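Please read the structure below before turning to the comments.
Just so you know, these numbers come straight off a predicted model, no measurement behind them. Convention: sequence-line order gives letters A, B, ...; per-chain numbering from 1.
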2 protein chains.
Amino acid sequence: MDLDELDWRILDLLQQDGRMTFTELARRVNLSAPATTERVRRLEQLGVITGYAAVVDPQLLGLPIQAIVRVRVRSLDSPRFRERLLALPSVCDADHVTGDDCWLLRVRCKSMAELEQLVDNAQQYGETTTSLVFSSHVRNRPVSSPG
Amino acid sequence: MDLDELDWRILDLLQQDGRMTFTELARRVNLSAPATTERVRRLEQLGVITGYAAVVDPQLLGLPIQAIVRVRVRSLDSPRFRERLLALPSVCDADHVTGDDCWLLRVRCKSMAELEQLVDNAQQYGETTTSLVFSSHVRNRPVSSPG
DNA sequence: AGTGAAACAGTGCTGGC
DNA sequence: GCCAGCACTGTTTCACT
């Protein structure tokens with residue numbers, strides 16, 4: 001994967017504003033619109049850009065509770081855990097990690113009652129540790145050029 | 001905040017494809033383009049849609065290591081921790097949470113050496129617990145209508 | 001790889017319901 | 001709150017470098 005400085009500038013701009021028009025993008029990187037478009041297509045095809053997404057505010061959408069649930073899933077229960085728990089709409093992130101707590105879930109709920117239900121559900125598969133999120137200070141920081 | 005079914009469909013579609021044109025969006029929700037555009041503008045103005053972002057693959061961008069670092073920050077060190085650590089480009093997510101480990105960081109690094117350096121850095125502010133991420137099974141699941 | 005011009009598609013505005 | 005028509009802007013293709 002060799003990306004030049006121009007590719008990185010394009011990635012930077014599109015991570016900040018995924019709806020920027022290619023003509024605007026072209027202006028910012030001092031290139032013609034077709035050349036810029038072709039670079040973006042190439043980045044998409046290489047899999048560097050995997051998609052574009054609108055970023056929404058869960059608070060305003062009726063999900064004021066955010067929590068991190070760590071689950072020490074018993075190995076025998078792992079398949080069922082993956083099928084049933086990771087499919088829940090409340091589960092925003094799910095990472096399989098090293099260490100005693102082998103799963104880390106970021107969940108969003110409309111109420112504490114809903115969170116309680118989810119944690120109770122998770123308890124079937126192993127011990128859980130739940131932390132409520134006070135505030136998120138960094139969220140999905142754009143990946144930037146190492147140079 | 002009262003959103004009707006149409007608003008939710010628009011949110012759903014834009015979370016999946018943030019670059020979808022308003023004409024295409026209009027087709028999908030069976031509305032005229034101007035009406036659809038106006039609804040999107042309204043969602044943006046209400047703060048429901050906070051932005052749009054290109055989603056990139058950190059692996060392909062030279063960041064193969066992903067880890068969750070829990071930090072039990074001593075209260076006296078908190079201001080410096082916030083200023084110095086949360087500003088690092090490696091820190092993708094940073095949440096202030098309840099429980100013993102009061103901060104949860106998701107970091108991405110180009111090498112274990114870099115991760116080691118970051119964790120050493122974090123140790124200045126309190127005890128840390130680091131878990132390497134094997135795999136992310138859910139990432140930024142779109143928020144969907146409760147109904 | 002990048003450019004410039006022309007055809008085409010999408011956007012934004014205005015007026016009307 | 002939605003639609004139709006029009007001017008404007010952005011996108012795509014193609015011949016050329």
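The existence of a salt bridge linking Asp100(B) and Arg70(B) is excluded, since no basic side-chain nitrogen approaches an acidic carboxylate oxygen closer than 4.0 Å.
If you check every strand for non-hydrogen atoms under 4.0 Å, Thr23(A) touches a base. Among the heavy atoms of the strands, none lies under 4.0 Å from Arg42(B).
Atoms CG (Leu6(B)) and C1' (dC3(D)) sit 15 Å apart, rounded to a whole Å. Between Glu24(B) atom CD and dT11(C) atom P the separation is 10 Å, expressed in whole Å. The interatomic distance linking Leu25(B) (CG) with dG10(C) (C1') rounds to 13 Å, in whole Å. Here the P atom of nucleotide dA1(C) and the CD atom of Glu5(A) are 18 Å apart, to the nearest Å. Atom CG in Leu3(A) sits about 13 Å away from atom P in dA1(C), given to the nearest Å. Rounded to whole Å, the distance from CG on Asp7(B) to C1' on dG1(D) is 12 Å. Taking atom CD1 of residue Ile10(B) and atom C1' of nucleotide dC2(D), one finds them 13 Å apart after rounding to whole Å.
Rounded to the nearest 0.5 angstrom, Thr37(B) OG1 and Leu25(B) CG are separated by 8.0 Å.
Considering only side-chain N and O atoms, Arg39(B) lies nowhere under 4.0 angstrom from the phosphate OP1 or OP2 of dG1(D).
In terms of position along DNA chain C, the nucleotide closest to Asp4(A) lies nearer the 5' end than the nucleotide closest to the other residue of the pair Phe22(B) and Asp4(A).
Across dG10(D), dG2(C), dC3(D), the shortest atom-to-atom separation from the side chain of Ser32(B) is found for dC3(D). Comparing atom distances between the Thr37(A) side chain and each of dG12(C), dT11(D), dT12(D) picks out dT12(D) as nearest. Candidate nucleotides dG2(C), dC2(D), dT12(D) were compared by shortest atom distance to the side chain of Ala35(B), and dC2(D) ranks first. Comparing atom distances between the Pro34(B) side chain and each of dG10(D), dG5(D), dT11(C) picks out dG5(D) as nearest. Checking dT12(D), dG2(C), dT11(C) against every side-chain atom of Arg41(A), the shortest atom distance belongs to dT12(D). Comparing dG10(C), dT11(D), dT11(C) by their nearest atom to the side chain of Arg19(A) picks out dT11(C). Of the candidate nucleotides dA1(C), dC3(D), dT3(C), dT3(C) has the atom nearest to the side chain of Leu31(A).
Side-chain polar atoms of Asp57(B) and Thr50(A) form no donor-acceptor pair below 3.5 angstrom.
Side-chain atoms of Arg28(A) do not come within 3.5 Å of backbone N or O of Arg9(A) as any donor-acceptor pair.
Ring pair His96(A)/Trp103(A) is parallel by interplanar angle, where below 30° counts as parallel and above 60° as perpendicular.
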